[in-house]
Amino acid sequence: MKTTLNQFNSNQENSYDSVVVGGGMVGAATALGLAKLGLKVLLFEQKAPELVWDDATPFAVRVSALTRSSENILKNLGAWSGIENRRFQPFVAMNVWESGSENKLAFHAQEIMEPNLGHTVENFIVQAALWEQLEQQPNIKINLTEKIDTLTLPAGKDFQADAVLMLDSGRKITTQLVVGADGAFSKLRQLASIGLEQLDYEQCAVVGCVKTEKSHQNACWQRYTPDGPFAYLGMAQEMSSIAWYLPLDKMQWALSLDDEAFAREIEQASGFELGRVIHVAERSAFPLVRRHARSYVKPCFALVGDAAHTINPQAGQGVNIGLLDAAALIDQVSVALRQGRQIGTLPMLRKYERQRRGDNVIVQRSMEFFDKLFAAEFLENFRHTVIDLTGRSKLSVPLKHWLMAQVLNGREEIPSLAKSSKPL
C-alpha cells in the first residue's frame, strides 16, 4: 500500500513559505523541520515510500551508519520511534586493520562511556520513519505528479522578492525559500546555475547484505586491501551490510558473479574475519565521485545533502553530514522567524553555508586522506607500526577517544536539532 499523505491538490493556492525538492532522507528531514517551525511547506518527490512494515521485508542494499548527532536529529523530529518499530542495529565497536598485518586498531564505545558508536539502519527505513511524521503535519503538502521546469530567483539585493517555480503542468508556484535536496545529479542545482567541483576516484563501491557463519559481534569491521577497503557493518538478525571498494574496471565483474562465487570473493576480501559467507542477499554497485557545489546558496535558494556534496562513503558519513545540513538550515530559518525577517534572504542563507561548508570539506578530505594513506605501498611498514603502537600504547588513548567523539557527535558546534532533547 502506498501512502497518499497530504497530497498536493491543483485547486490549492500556489504560494508557500518553502518548497523542498526531493523527499529522500535529507529532503524529508528538511521539510519536516521547516513545517515544525510553523511554515507552509510544499515537498516535491517522484515516488512516495512504502510505509507499511513487514518483519519479513528483505534487507535493503543501501544502509547508513547513523551517528549520535543523526540519532538526535531524528529523535527531535519525532522519527526515531519509526526506526525502532522497524529494524536497526546499534554497533558498539569498530575494528580497522590491513591485509598482511595481524594488528587491529579497535574502538569501543565503553572507552568513552557511550552505549554505542552509532546505528546501522537501512536507508528506506529512515525515509519511511520521516514520512510517517510528514503525514502528521497538516501544513505540508506533497506533490507526486508534477515536475519543475524552470526556476527564477530574485536578482541583486531584492530581498523581498520570492522565487518562482514553473511546473510542467503550466502551474506557477511562488515561495520565500527553495531547498534543493534532489541528490547528486540535482536538477535544482542546475536550474539555479550553480557549478560543481568533481573528482573521479576511479573506484566503485559494491554494496549489499550477507550472512556469515560467525557473529558480527555488534561491530563494524574494516580491512584495507590492495584493491581498496572492505567493510562489514553489523545489522539485525546477524546480517551484515558490506561495502567492498574496487577499481572501477572491476565493477561489472563483481556484479556478474553468481551468489556462490560472490560469497567466496567476499570471504577473501574480508580475510575470513567472520568466517564463511552462508547467505548472499541483493547487491548493487556505484562509481565513487567526490562532488562539491561551488556555492550552497543564492537568494531564496539553498542546497542540502548530496545536492550540495558527495563524499567517499568510507565510514558512512554521507547521510550524517546531509542531516547536519538540514538541521543547520532549520536553525537559520528559525532565527529569521524569531527576528521577523524573510527566510530566504542571502545574508541568512550565507550563515548556513558558512556553518556547513567547511565541515563538509574536512569530512571529504579526511576520507580521501585515509584512502590514500592505505593505498600507498611504500607506507606499508609505517602503517603497520602506527596501528600496532596506537593499539598498544597508553599515550594513544586520548587520541582514540577524541576520534570516536568527533565521529559520533560532530567536529564543531552542532545545530540545535543534533543535540539531545531539543525537539522543535
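- For His119 and Phe88, the gap between ring centers is short of 6.0 Å.
- Within the model, atoms CG of Asp55 and CD of Gln237 stand 7.5 Å from one another, a figure rounded to the nearest 0.5 Å.
- The two atoms that bring Leu177 and Val333 nearest to each other are CD2-CG2, 4.0 Å, heavy atoms only.
- Within the 4.5 Å cutoff, the side chain of Met25 has heavy atoms near those of the Val319 side chain.
- Taking 4.5 Å as the limit, every side-chain heavy atom of Gln46 sits out of range of all side-chain heavy atoms of Leu144.
- Taking OG1 from Thr225 and CZ from Phe230, the interatomic distance works out to 9.5 Å, rounded to the nearest 0.5 Å.
- In this structure, the side chain of Trp131 engages the main chain of Gly23 through a donor-acceptor pair within 3.5 Å.
- When every heavy atom of Asn139 is checked against every heavy atom of Ala35, the shortest pair comes out as ND2-O, 2.9 Å.
- Here the side chains of Gln89 and Met239 are not in contact, with every heavy-atom distance at 4.5 Å or above.
- Checking side-chain atoms of His108 against main-chain N and O of Gln110 turns up no donor-acceptor pair under 3.5 Å.
- Remark: Arg62 is positioned above the aromatic ring of Phe286, its terminal NZ or CZ atom under 6.0 angstrom from the ring centre and at most 45 degrees off the axis.
- By the 6.0 Å contact criterion, NZ on Lys419 is enclosed, its count of non-hydrogen atoms from other residues, nucleotides or ligands being greater than 12.
- Residues Glu213 and Arg276 are not paired through a salt bridge, judged by the lack of any N-O separation under 4.0 Å between the basic side chain and the carboxylate.
- Asp168 places no side-chain N or O within donor-acceptor distance of the main-chain N or O of Glu146, the cut-off being under 3.5 Å.
- Contact check for Val20 versus Phe44: no side-chain heavy atoms found under the 4.5 Å cut-off.
- A donor-acceptor pair shorter than 3.5 Å cannot be found between the side chains of Arg223 and Asn95.
- Note on Arg290 versus Glu197: no salt bridge recorded, every NZ/NE/NH1/NH2 to OD/OE distance being 4.0 Å or above.
- To the nearest 0.5 angstrom, Ile83 atom CD1 is 11.0 Å from Glu122 atom CD.
- Inter-residue side-chain proximity for Leu191 and Thr150 is flagged as unmet; no heavy-atom pair is nearer than 4.5 Å.
- Residues Ala181 and Val304 approach most closely at CB-CG2, 3.6 Å, considering heavy atoms.
- Contact record, Leu349 with Phe301: CD1-O, 3.4 Å, taken as the closest heavy-atom pair.
- The main-chain N or O of Thr174 is never found under 3.5 Å from a side-chain atom of Asp162 such that the two would form a donor-acceptor pair.
- Closest heavy-atom contact between Leu43 and Gly22: CD1-O, 3.5 Å.
- Using a 4.5 Å heavy-atom threshold, the side chains of Phe272 and Lys214 count as separate.
- A heavy-atom distance below 4.5 Å is not found between the side chains of Trp221 and Leu233.
- A donor-acceptor contact shorter than 3.5 Å is absent between the side chain of Ser64 and the backbone of Leu66.
- Checking side-chain atoms of Arg189 against main-chain N and O of Ala184 turns up a donor-acceptor pair under 3.5 Å.
- Thr175 contributes no side-chain N or O that, together with a main-chain N or O of Val178, makes up a donor-acceptor pair within less than 3.5 Å.
- To the nearest 0.5 Å, the span separating CD1 on Ile140 from NZ on Lys36 amounts to 9.0 Å.
- The main-chain N or O of Gly82 is found under 3.5 Å from a side-chain atom of Arg86 such that the two form a donor-acceptor pair.
- Thr310 contributes a side-chain N or O that, together with a main-chain N or O of Val289, makes up a donor-acceptor pair within less than 3.5 Å.
- Checking Lys298, Arg294, His292 one by one against Tyr296, the side chain to side chain donor-acceptor pair (under 3.5 Å) holds for a single residue, His292.
- Val21 is listed as a side-chain neighbour of Ile148, based on a closest heavy-atom distance under 4.5 Å.
- Taking the charged nitrogens against the carboxylate oxygens, Glu267 and Arg264 do have a contact shorter than 4.0 Å, which makes a salt bridge.
- Inspection of the Ser420 and Asn72 side chains reveals no N or O donor paired with an N or O acceptor under 3.5 Å.
- Look at Asp325 and Arg356 and you find a salt bridge, because one of the NZ, NE, NH1 or NH2 atoms lies within 4.0 Å of a carboxylate O, short of that distance.
- Taking each heavy atom of Ser18 and Leu34 in turn, the nearest pair found is OG-CD1, 3.4 Å.
- Under a 4.0 Å N-O distance rule, the pair Lys211/Glu238 does not qualify as a salt bridge.
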